[in-house]
Amino acid sequence: MDFFDVVANRRSVRAYLGKEVEEDKLQKILEAGNSAPSAGDLQGYEIVVVRDQKQKEVLSHAANQHFISQAPIVLVVVANQKRSAQRYRERGAKLYAVQDATIATSYMQLAATALGLASCWVGAFDDNGVASVVGANIDGGFMPEAVLPIGYPNQSPRATPRRKLSDLVHQGKL
Ligand SMILES: Cc1cc2nc3c(=O)[nH]c(=O)nc-3n(C[C@H](O)[C@H](O)[C@H](O)COP(=O)(O)O)c2cc1C
């Protein structure tokens with residue numbers, strides 16, 4: 001699929017078929033996440049692959065979003081604040097690690113779409129609940145940023161409306 005078709009076809013899909021995600025496709029998605037730009041090339045993020053049904057159910061519970069546990073694979077993207085802070089101090093911990101994690105998540109969503117898979121970025125969750133499922137020590141600088149269920153789609157949502165470019169884009173100044 002052409003890049004712009006991938007961008008146009010991506011949707012937040014919240015229902016998945018029981019079909020497993022092939023290992024080579026998962027590897028491509030993870031490689032895409034690993035190709036994302038990052039501040040200072042430090043890659044201040046970790047990606048946790050969750051396949052265990054019990055873990056997925058706890059993630060669903062922590063987000064209060066049941067569809068997460070339906071997906072064959074759930075990726076949890078965690079900002080590694082210490083990694084970014086080693087060079088960039090507070091800005092690294094508070095901003096760059098979060099940006100690194102979220103850019104990688106975007107790359108993985110688009111890679112999933114390009115491979116005929118579906119995903120939904122989940123950001124509304126109880127931080128401690130998600131952290132404890134994947135063994136992330138928040139006080140140690142590992143902050144969960146995104147939960148990304150991935151699977152074959154069992155729904156075809158329409159594109160949601162977007163703001164007009166004339167409203168969103170500004171020439172020179174806000
Ligand atoms: C930072 C972020 C957090 C989100 N959190 C959730 C979420 O917790 N649950 C959910 O169902 N969708 C979530 N979404 C998906 C949005 O609802 C979705 O992207 C938006 O409605 C546009 O629809 P589309 O992705 O199909 O274009 C999130 C998206 C982003 C980028």
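For ligands, and for the atoms within them, numbers begin at 1 and follow the listed sequence.
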Using a cut-off of under 3.5 Å, which N/O atoms of ligand 1 pair up with protein N/O atoms, and what distance separates each pair?
| from | atom 1 | to | atom 2 | distance (Å) |
| --- | --- | --- | --- | --- |
| ligand 1 | 5 (N) | Trp121 | O | 3.4 |
| ligand 1 | 5 (N) | Gly123 | N | 3.0 |
| ligand 1 | 8 (O) | Gln65 | NE2 | 2.9 |
| ligand 1 | 8 (O) | Gly123 | N | 3.2 |
| ligand 1 | 8 (O) | Ala124 | N | 3.1 |
| ligand 1 | 9 (N) | Gln65 | OE1 | 2.7 |
| ligand 1 | 11 (O) | Arg14 | NE | 2.6 |
| ligand 1 | 11 (O) | Arg14 | NH2 | 3.3 |
| ligand 1 | 11 (O) | Gln65 | OE1 | 3.3 |
| ligand 1 | 12 (N) | Arg14 | NH2 | 3.1 |
| ligand 1 | 12 (N) | Trp121 | O | 3.4 |
| ligand 1 | 14 (N) | Trp121 | O | 2.9 |
| ligand 1 | 17 (O) | Arg14 | NH2 | 3.2 |
| ligand 1 | 19 (O) | Ser12 | OG | 3.3 |
| ligand 1 | 25 (O) | Arg10 | NH1 | 2.8 |
| ligand 1 | 25 (O) | Arg10 | NH2 | 3.2 |
| ligand 1 | 25 (O) | Ser12 | N | 3.4 |
| ligand 1 | 25 (O) | Ser12 | OG | 2.6 |
| ligand 1 | 26 (O) | Ser12 | N | 2.8 |
| ligand 1 | 27 (O) | Arg10 | NH2 | 3.0 |
| ligand 1 | 27 (O) | Arg162 | NH2 | 2.9 |

Worksheet entry | Pair Glu90-Lys82, salt bridge (charged side-chain N to carboxylate O under 4.0 Å, His left out): steps then yes or no | CA-CA 10 Å; Glu90 192 175 345; Lys82 278 193 181 157; over 6 Å; no
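By the neighbour-count criterion of 12 heavy atoms within 6.0 Å, atom CG of Asp126 is densely surrounded, having more than that number from other residues, nucleotides or ligands.
Ring orientation note: the planes of Tyr16 and Phe67 are tilted relative to one another, at an angle of 30° to 60°.
The minimum heavy-atom distance linking Ala36 with Ala104 is given by the pair CB-CA, 3.8 Å.
The only member of Asp100, Asn80, Asn34 that meets side chain to side chain contact (heavy atoms under 4.5 Å, CB included) when paired with Gln43 is Asn34.
Using a 4.0 Å cut-off between charged side-chain N and carboxylate O, Glu31 and Lys25 make no salt bridge.
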